[in-house]
Novice: 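Let me begin by handing over the structure; questions about it come next.
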Amino acid sequence: MEAVSEVTSSRTLGELENYFSSYGDLPREIILKHDLLRVGHWFTDAALDLASQALVKSYRLFSYDLMAMKDMKRKEHRKIPEWFTIRRGLYGLRPVSIQTTLDSNSAYVIDVVDGQPKLFLNGKEICEVYFPKPMKYYTRKFDDGTAYHEIIAFGYFVTAFRNCQYWGPDEECRFCDININARQMKESKDFTFNAPVKPVEYMVEVARSIEQDATEEVGFTPPMDFLITGGTILKTLHGKDELSFYSEYVSALKWGGRRRFVNLQTNGQDKETMKRYRAAGVDCHHSNMEVWDKRLFEWINPGKNRRVGWDGWVRSLIDEVDVFGEGNVRPNFVGGVEMAKPYGFETVSEAVKSTSDGVDFMMSHGIIPRFNQWRREPGSNLVSQHAQPAIPLEYYLQLMGNYYNSCKKYNLPMPRRECVHPERRIGSGHGTYDDILLLNELPDYEEAWDRGFNEGLKGCVTRQ
């Protein structure tokens with residue numbers, strides 16, 4: 001019988017090993033990572049103490065948690081790391097980074113044994129865990145007390161506008177908790193910057209600081225990737241329309257230093273608008289479509305559907321390749337939302353076929369989609385209005401297998417990996433779309449991760 005949904009987040013070691021056997025063509029790291037993102041994980045007091053010395057989670061746009069911040073009794077939101085890395089252990093795992101997704105009821109728990117963080121499943125040890133090393137600029141603050149890292153997270157992520165003008169059930173994307181997350185961050189009183197718009201001059205200064213640190217460490221200015229994102233602007237914000245608002249940030253970041261590659265996330269746009277973004281300094285564009293199926297696009301993204309529509313969005317993606325080039329159009333999809341209650345697909349096979357067809361179509365046009373795994377954040381419309389059981393693990397595994405096959409079929413380029421944080425240069429934390437390519441195709445995968453972890457950025461960009 002085909003999997004439809006899972007009632008609880010329980011998992012046993014035997015079940016995990018059955019997945020390893022059933023999906024032997026997939027790296028084991030991919031299987032475990034998807035399960036950890038799917039049902040979340042928890043930290044013991046000892047693990048939380050160790051993690052508090054690492055690169056702290058930024059809550060930069062969405063919460064990516066399966067529980068509300070108000071229910072974190074140990075102030076976990078200011079102690080947990082941005083991501084953690086699993087490695088070695090029972091199954092000889094290669095290092096893969098996983099974005100932290102808290103759920104106090106998860107069967108997966110991180111604890112400490114003899115000073116080493118370990119991942120446990122229902123009390124049984126699986127593998128070693130490594131927390132990301134902090135960056136020098138994380139200790140710096142502006143005169144008003146704003147922490148540099150709350151302007152740019154892990155040397156890469158700039159949330160220019162913390163809210164979204166798609167508001168309420170008739171406009172807001174139904175999976176999204178961007179506005180709720182901004183509110184809970186403010187109510188917690190534990191973050192130093194809660195204004196909806198980040199000052200351009202603050203972003204410029206933090207980027208300068210990041211570049212200076214990288215240059216001092218390496219001996220020259222290495223290539224550096226940045227991402228600028230934020231909510232949709234329907235009319236104006238600070239007197240600017242969406243194009244003008246985000247273009248100001250793009251130009252200030254792109255031309256404010258050396259060797260900078262700028263990614264921008266906005267709505268799907270017409271070709272002339274994309275050309276103007278390109279002229280402003282955008283190197284890669286992410287117009288996040290969220291779900292492929294046309295019927296579900298209209299339901300999940302009411303504001304995007306009303307403003308751009310499914311046909312307009314697909315046309316925009318194809319046009320973007322002409323402007324930015326193959327491999328530089330990377331729309332995000334919320335993997336698993338295809339099966340959301342009450343209108344999503346009821347079976348794994350239907351959901352996988354729909355999204356895999358979309359992946360193949362996009363890749364045939366030189367578009368390389370990304371997949372953030374749906375976290376079922378409690379503040380979102382979908383979760384607050386309907387019971388949303390965990391999406392079956394089979395869905396994610398079948399989708400990633402098809403993703404890899406399409407990427408190989410169209411001979412698309414390997415993902416760009418120039419984040420200034422050395423550990424982020426191997427894969428991404430919130431999905432396995434790049435991991436599966438790197439694990440299968442990069443000859444020195446583990447050696448590259450070791451260089452970053454042991455030698456820092458210099459070990460990534462130079463060879464001794």
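Every heavy atom of this structure was used, including side-chain atoms; hydrogens, water molecules and symmetry mates were not.
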Novice: Looking at K275 and E272, is any side-chain nitrogen of the basic one under 4.0 Å from a carboxylate oxygen of the acidic one?
Specialist: yes
Novice: Is the backbone of A47 close enough, under 3.5 Å, to the side chain of T44 for a donor and an acceptor to pair up by distance?
Specialist: yes
Novice: Please list, chain by chain and in numerical order, all residues satisfying ring pair (Phe, Tyr, Trp, His ring centres under 6.0 Å) with F245, sequence neighbours excluded.
Specialist: Y249
Novice: Could you grab the distance from atom CG of L119 to atom OG1 of T85, nearest 0.5 Å is fine?
Specialist: 12.0 Å
Novice: Can you list the residues that meet the ring pair (Phe, Tyr, Trp, His ring centres under 6.0 Å) rule with Y130, with sequence neighbours excluded?
Specialist: F453
Novice: Would you list the pairs meeting salt bridge (Lys or Arg N to Asp or Glu O under 4.0 Å) in which at least one residue belongs to residues 412-424, sequence neighbours left out?
Specialist: D225-R416, E418-R425
Novice: Taking the side chain as C-beta and beyond, is there a heavy-atom pair between I98 and H41 under 4.5 Å?
Specialist: yes
Novice: Considering only heavy atoms from C-beta outward, does the side chain of D283 approach that of F324 to under 4.5 Å?
Specialist: no
Novice: Going by distance alone, is a donor N or O of one side chain under 3.5 Å from an acceptor N or O of the other, for Y91 and E29?
Specialist: no
Novice: If every non-hydrogen atom of G379 is compared with every non-hydrogen atom of D177, which pair is closest and at what distance?
Specialist: C-CB, 4.4 Å
Novice: Is it true that S58 and H149 share a donor-acceptor pair across their side chains at a distance under 3.5 Å?
Specialist: no
Novice: Ion pair present between R11 and E15, side-chain N to carboxylate O less than 4.0 angstrom?
Specialist: yes
Novice: Which residue, Y433, F333, W292, forms the ring pair (Phe, Tyr, Trp, His ring centres under 6.0 Å) with F371?
Specialist: F333
Novice: Please report the closest heavy-atom contact between L61 and G230, naming both atoms and the distance.
Specialist: CD1-CA, 4.5 Å
Novice: Between S287 and E320, is there a side-chain donor-acceptor contact under 3.5 Å, judged purely by atom types and distance?
Specialist: yes
Novice: Considering only heavy atoms from C-beta outward, does the side chain of N440 approach that of P27 to under 4.5 Å?
Specialist: yes
Novice: Checking F157 against T229 for the side chain to side chain contact (heavy atoms under 4.5 Å, CB included) test, could you report, in this order, the C-alpha distance in whole Å, the side-chain angles of both residues, the deciding distance, and whether it holds?
Specialist: CA-CA 8 Å; F157 207 102; T229 188; 3.2 Å; yes
Novice: By salt bridge (Lys or Arg N to Asp or Glu O under 4.0 Å), which residues pair with R330, not counting sequence neighbours?
Specialist: D434
Novice: Side chain to side chain donor-acceptor pair (under 3.5 Å): which pairs involve residues 151-165, sequence neighbours left out?
Specialist: N163-N179
Novice: Taking the side chain as everything from C-beta on, heavy atoms only, tell me whether N328 gets closer than 4.5 Å to V282.
Specialist: no
Novice: I need the full list of salt bridge (Lys or Arg N to Asp or Glu O under 4.0 Å) pairs touching residues 42-61, with sequence neighbours left out, sorted by first then second residue.
Specialist: D45-R74, K57-D65, R60-E82
Novice: Scan for salt bridge (Lys or Arg N to Asp or Glu O under 4.0 Å) pairs involving residues 261-271, sequence neighbours excluded, and state none if there are none.
Specialist: K271-D322
Novice: Just do the side chain to side chain contact (heavy atoms under 4.5 Å, CB included) check on Y19 and D35 with the steps written out, would you?
Specialist: CA-CA 10 Å; Y19 280 106; D35 214 27; over 6 Å; no
Novice: Any donor-acceptor pair under 3.5 Å linking the side chain of K33 with the backbone of S97?
Specialist: yes
Novice: Could you tell me whether the side chain of M72 reaches within less than 4.5 Å of the side chain of M67, counting heavy atoms only?
Specialist: yes
Novice: Counting only heavy atoms not in R278 (residues, nucleotides, ligands), do more than 12 fall under 6.0 Å from its CZ?
Specialist: yes
Novice: Look at the side chain of T146 and the backbone N and O of F193, then say whether any donor-acceptor pair between them is shorter than 3.5 Å.
Specialist: no
Novice: C407 versus L437: any side-chain heavy-atom pair under 4.5 Å?
Specialist: yes
Novice: Under a 3.5 Å distance rule, please check whether Q388 uses its side chain to pair with a backbone N or O of L382 as donor and acceptor.
Specialist: yes
Novice: Can you tell me how far NZ of K408 sits from CD of E441, rounded to the nearest 0.5 angstrom?
Specialist: 3.5 Å
Novice: Between L397 and H34, is there a side-chain heavy-atom distance shorter than 4.5 Å?
Specialist: yes
Novice: Would a distance-only check, ignoring hydrogens and angles, find a side-chain to backbone donor-acceptor pair under 3.5 Å from R38 to I391?
Specialist: yes
Novice: What is the minimum heavy-atom distance between P378 and L66, and which atoms define it?
Specialist: CD-C, 3.9 Å
Novice: What pairs with H365 under side-chain contact (heavy atoms from CB on, under 4.5 Å), at least two apart in sequence or on another chain?
Specialist: I318, F361, I367
Novice: Quick one: which residue pairs count as a salt bridge (Lys or Arg N to Asp or Glu O under 4.0 Å) with a foot in residues 300-318, not counting sequence neighbours?
Specialist: E171-R306, E242-R307, E290-K304, K294-D311
Novice: Name all residues meeting the ring pair (Phe, Tyr, Trp, His ring centres under 6.0 Å) criterion together with Y166; count only those two or more places apart in sequence or in a different chain, and write none if there are none.
Specialist: none
Novice: If only atom types and distance count, is the side chain of E128 paired as donor or acceptor with the main-chain N or O of P117 below 3.5 Å?
Specialist: no
Novice: To the nearest 0.5 Å, what is the distance between CG (N332) and CE (M289)?
Specialist: 12.0 Å
Novice: Atom CG of L412 and atom CE of M362: how far apart are they, to the nearest 0.5 Å?
Specialist: 11.5 Å
Novice: Taking C-beta and beyond as the side chain, do L32 and L36 meet within less than 4.5 Å on heavy atoms?
Specialist: yes
Novice: Between H430 and N372, which heavy-atom pair has the shortest distance, and what is it?
Specialist: CD2-OD1, 2.7 Å
Novice: Restricting to ring pair (Phe, Tyr, Trp, His ring centres under 6.0 Å), what partner residues turn up for W167, sequence neighbours left out?
Specialist: none
Novice: Quick check on side chain to side chain contact (heavy atoms under 4.5 Å, CB included): which of I152, L264, V206 does V158 satisfy it with?
Specialist: I152
Novice: Taking ring pair (Phe, Tyr, Trp, His ring centres under 6.0 Å) as the criterion, tell me which of W310, Y343, F175 meets it with W299.
Specialist: Y343
Novice: Going by atom types only, do T347 and E350 share a side-chain donor-acceptor pair under 3.5 Å?
Specialist: yes
Novice: Count the heavy atoms of every other residue, nucleotide or ligand shown that sit under 6.0 Å from NZ of K353, and state whether that count exceeds 12.
Specialist: no
Novice: Donor-acceptor pair, N263 side chain versus F226 backbone, under 3.5 Å?
Specialist: yes
Novice: Working to the nearest 0.5 angstrom, can you tell me the gap between R370 CZ and Y403 OH?
Specialist: 9.0 Å
Novice: Classify the ring geometry between Y59 and F191 as parallel (under 30°), tilted (30 to 60°) or perpendicular (over 60°).
Specialist: perpendicular
Novice: Between V359 and S406, what is the shortest heavy-atom contact and its length?
Specialist: CG1-CB, 4.3 Å
Novice: Checking Y277 against Q269: is there a side-chain donor and acceptor pair closer than 3.5 Å?
Specialist: no
Novice: Measure the CE-CD1 distance between M363 and I368 for me, rounded to the nearest 0.5 Å.
Specialist: 6.5 Å
Novice: Locate the shortest heavy-atom distance separating P81 from A51; write the atom from each residue and the value.
Specialist: CD-CB, 3.6 Å
Novice: For E17, give me all partners under salt bridge (Lys or Arg N to Asp or Glu O under 4.0 Å), at least two apart in sequence or on another chain.
Specialist: none
Novice: When you measure from the side chain of R375 to the backbone of Q373, do you find a donor-acceptor pair of N or O atoms at a distance under 3.5 Å?
Specialist: yes
